[in-house]
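Let me begin by presenting the structure, written as structure tokens, before commenting on it.
Each ligand, and each atom within it, is numbered from 1 in the order the structure gives. Positions are given from 1, in the same order as the sequence printed here. Note that the structure is a prediction, hence the values are computed from the model and not measured.
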Amino acid sequence: MIERPAPLPVTCAPRLTRTLVLVGLMGAGKTSVGKRLAQLLEVDFTDSDAEIERAAGMTVPEIFARLGEAAFRDGERRVISRLLAERPGVLATGGGAFVEPRTREEIAVHGTSVWLRADLALLWDRVRDRPGRPLLQAPDPRAVLSDLLDRRYPIYASADVVVDSQRGASHEAMARAIVQAVHAWDATQAGRQPTLEAR
Ligand code: S3P
């Protein structure tokens, strides 16, 4: 028999004990769903790309163009490490962050990772008309995205929790699906403080 976790009380938001780190490819909905999730849990929302831009005083495309991807990855790791040391909240990461072994390790130690999984067609529909992603400034951006998917999905698969990003699902529905999935995962982690606790 499958053991189901006890339902979370619906009257108040559960208390978050570790930062929920949203990972996944560009277009998965990490930022939009993450904002709704943070509201639901009554915690702060942070976006690692926005934090890097603030720290560098440049946009992500400017950092890539002027300093290169390696410098961006280094800044990304340092920013995420700093954010993980702060009060538990919801952290949306850039699509490449979880691929970096050191960043992944920090997330594993200090946070609970949630992969927003989506298929190529959905991701492409969401990113195709939005400039500002340097990796997609290529002659065939769909092929780049497809290649990133092939290379990164086996790595994202090591996230603690996986939630499928459904076409047409509201941010609210996705946020609630994440809460339920994290709660279910908590129930399988004997001896570890649950990420979500009843207040
Ligand atoms: C990147 C994804 C972007 C941003 C940068 C690199 C990646 O973030 O960090 O352009 O390597 O996939 P989003 O996933 O939020 O678009």
Flag if over 12 foreign heavy atoms under 6.0 Å of CZ, Arg77: yes

Under 4.0 Å from a heavy atom of [X]: which atoms of ligand 1 are those, numbered in the order shown and with their elements?
{"X": "Arg73", "answer": "6 (C), 7 (C), 11 (O)"}
{"X": "Arg133", "answer": "16 (O)"}
{"X": "Lys30", "answer": "13 (P), 14 (O), 15 (O)"}
{"X": "Pro134", "answer": "10 (O)"}
{"X": "Val60", "answer": "5 (C), 10 (O)"}
{"X": "Gly96", "answer": "7 (C), 11 (O), 12 (O)"}
{"X": "Phe72", "answer": "9 (O)"}

Short N/O distance, under 3.5 Å, between Gly95 and ligand 1? yes

What closest approach, in Å, do Pro61 and Pro134 show between heavy atoms, and which atom pair accounts for it? CA-CG, 4.1 Å

Considering all heavy atoms, the nearest Arg73-Ala97 contact: NH1-N, 4.1 Å

Go through Glu106 and Ser81 one step at a time and tell me if the side chain to side chain donor-acceptor pair (under 3.5 Å) criterion holds. CA-CA 7 Å; Glu106 290 237 18; Ser81 173; 3.2 Å; yes

May I ask whether Leu196 and Leu22 are part of the same hydrophobic cluster, defined by side-chain heavy atoms of I, L, V, M, F, W, Y residues being less than 4.5 angstrom apart, directly or through others? yes

Distance check, rounded to the nearest 0.5 Å: Thr19 atom OG1 versus Leu83 atom CG? 8.0 Å

How many angstroms lie between CZ in Arg142 and CG in Asp125, if you round to the nearest 0.5 Å? 8.5 Å

Candidates Val99, Asp49, Thr59; heavy atom nearest atom 15 (O) of ligand 1 found on Asp49

Taking only distance into account, with no hydrogens and no angle test, what donor-acceptor pairs under 3.5 Å do side-chain atoms of residues 107-118 form with protein atoms, sequence neighbours excluded?
| residue | atom | partner | partner atom | Å |
| --- | --- | --- | --- | --- |
| Thr112 | OG1 | Arg18 | NE | 3.3 |
| Thr112 | OG1 | Thr195 | OG1 | 3.0 |
| Ser113 | OG | Asp160 | N | 2.9 |
| Ser113 | OG | Asp160 | OD2 | 3.3 |
| Arg117 | NE | Asp164 | OD1 | 2.7 |
| Arg117 | NH2 | Asp164 | OD1 | 3.4 |
| Arg117 | NH2 | Asp164 | OD2 | 3.0 |

Counting heavy atoms under 4.0 Å, the part of Leu135 that contacts ligand 1 is side chain

Backbone, side chain, both or neither: what part of Arg152 comes under 4.0 angstrom of ligand 1, heavy atoms only? side chain

